[in-house]
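Comments concern the structure below.
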Amino acid sequence: MVMASGFDAKFNYQMDYVELLNEKGIAAVIFDFTGIGSTSLSDGTAFDRTMPSNVADLNIVLDEALKWPELDSSKLFLWGHSFGGLVSADVAGERGQDIQGLILLEPSFFAPDQYREVFPEGAEIPFVVEYPLPSGREFVKTIRECDIFESMEKYQGEVLIFQGTVHSEEDLEEMDYYYGKALETYPSARLLMIEGADHFFEGEAGVQMTEQAIEFIENILEVK
């Protein structure tokens, strides 16, 4: 399981999930994206970060994981949370032959549209961007070009999307739209609601979510 964290989340954010996966014999690879802060394991600053750099980071980790003799390269899965879910979905569209299944925790499918709305074509983009997320000009330019639904159409594997129930009415409406569109676009995908979970899937909600993810993995491997 190669695990991509949220926008500014460091690799160890997912350690609770990693431990539950390990208990079931599932190896987990966790990493930091380029430019997520001075305390991360990665190089660069927020101004070095772009959508292509995020995609490149995940591809590098996948390429390395496929080489490791300790791992079974025929059983590789992707797990992405929030912005990491957007990046994972983008990468899966190009590397479907390598990825047996895709697990997405409240993926930020809305982000490209949000940036296009805040910074439409021709708008002046400041060097330092505070909203929608703290980032730099090049990040804004590149995420606006992302067509995540085109990537979805390319991925032929199984997809499991998790959503929590603890959100504002506005956020739930947004999720209904984007996740509904994802279910229509992916050749094979389903959505699971985790009662009592917010965006971070902490505590018992996180345990329930991970158990469902493990069942998803086991079912795919059993069929294969």
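All values below were derived from every heavy atom in this structure, side-chain atoms included, with hydrogens, water molecules and symmetry-related copies excluded. Just so it is clear, the structure is predicted and the values come from calculations on it, not from any experiment.
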Nearest non-hydrogen partners of A4 and S88, listed with the distance: CB-OG, 3.7 Å
Check step by step if side-chain contact (heavy atoms from CB on, under 4.5 Å) holds for L86 and M51. CA-CA 10 Å; L86 176 71; M51 189 65 187; 4.0 Å; yes
Which one of T142, N54, D57 satisfies the side chain to side chain donor-acceptor pair (under 3.5 Å) criterion with R49? N54
When every non-hydrogen atom of A197 is compared with those of A205, the smallest separation belongs to CB-CB, 3.6 Å
Close side-chain approach of L78 and L58, heavy atoms under 4.5 Å: yes
Just by modelled atom types, is the F200 backbone N or O under 3.5 Å from a matching donor or acceptor in the H81 side chain? no
Aromatic rings Y17 and W79: how do their planes relate, parallel, tilted or perpendicular, breaks at 30° and 60°? tilted
Can you find a pair of side-chain heavy atoms, one from S5 and one from K10, that are under 4.5 Å apart? no
Drop me the distance from E19's CD to T210's OG1, to the nearest 0.5 angstrom. 10.5 Å
When you group the ILVMFWY residues by side-chain heavy-atom contacts below 4.5 Å and let the links chain together, are V166 and M175 in the same group? no
Result block: side-chain N/O donor-acceptor pairs under 3.5 angstrom for residues 154-162, not counting sequence neighbours:
from	atom 1	to	atom 2	distance (Å)
K154	NZ	E94	OE2	2.7
Y155	OH	I99	O	2.9
Y155	OH	G101	N	3.3
Q156	NE2	E153	O	3.3
E158	OE1	S188	OG	2.8
E158	OE2	S188	OG	3.0

Taking it one step at a time, do L76 and L66 satisfy side-chain contact (heavy atoms from CB on, under 4.5 Å)? CA-CA 8 Å; L76 184 66; L66 287 168; 3.8 Å; yes
When the ring centroid of F11 is compared with that of Y13, is the distance short of 6.0 Å? no
Are side-chain heavy atoms of L172 and Q163 found at a separation under 4.5 Å? yes
Check step by step if side-chain contact (heavy atoms from CB on, under 4.5 Å) holds for F119 and Y131. CA-CA 10 Å; F119 298 102; Y131 180 83; over 6 Å; no
Between S108 and Y178, is any pair of side-chain heavy atoms under 4.5 Å apart? no
NZ or CZ of K181 within 45° of F109 ring axis and under 6.0 Å: no
Which pair of non-hydrogen atoms, one from A27 and one from N22, has the smallest distance, and what is that distance? CA-ND2, 4.1 Å
Between N59 and R95, is any pair of side-chain heavy atoms under 4.5 Å apart? yes
Write down the atom of A89, the atom of S151, and the distance for their closest heavy-atom approach. O-CB, 3.8 Å
Give the minimum heavy-atom separation between A213 and I103, together with the two atoms involved. CB-CD1, 3.9 Å
Please answer whether the main-chain N or O of M15 pairs with a side-chain N or O of N12 as donor and acceptor at a distance below 3.5 Å. no
Determine the sole option in L62, V61, L102 for which the side-chain contact (heavy atoms from CB on, under 4.5 Å) test with V91 is passed. L62
Answer yes or no: is there a donor N or O on one side and an acceptor on the other, between the side chain of T165 and the main chain of G196, under 3.5 Å? yes
How close do M3 and A28 get, counting heavy atoms only, and between which atoms? SD-CB, 3.7 Å
Do H167 and E106 pair up side chain to side chain, a donor and an acceptor below 3.5 Å, judged on atom types alone? yes
Centroid-centroid under 6.0 Å between F7 and F33 rings: no
Are any of the side-chain heavy atoms of D72 and S74 separated by less than 4.5 Å? yes
Any side-chain heavy atom of R144 within less than 4.5 Å of one from I125? yes
Pair F77, I220 - check side-chain contact (heavy atoms from CB on, under 4.5 Å), show working. CA-CA 10 Å; F77 288 77; I220 290 175; 3.8 Å; yes
With under 30° as parallel and over 60° as perpendicular, where do the rings of F139 and Y115 fit, or are they tilted in between? perpendicular
Any side-chain heavy atom of E215 sitting closer than 4.5 Å to one from N219? yes
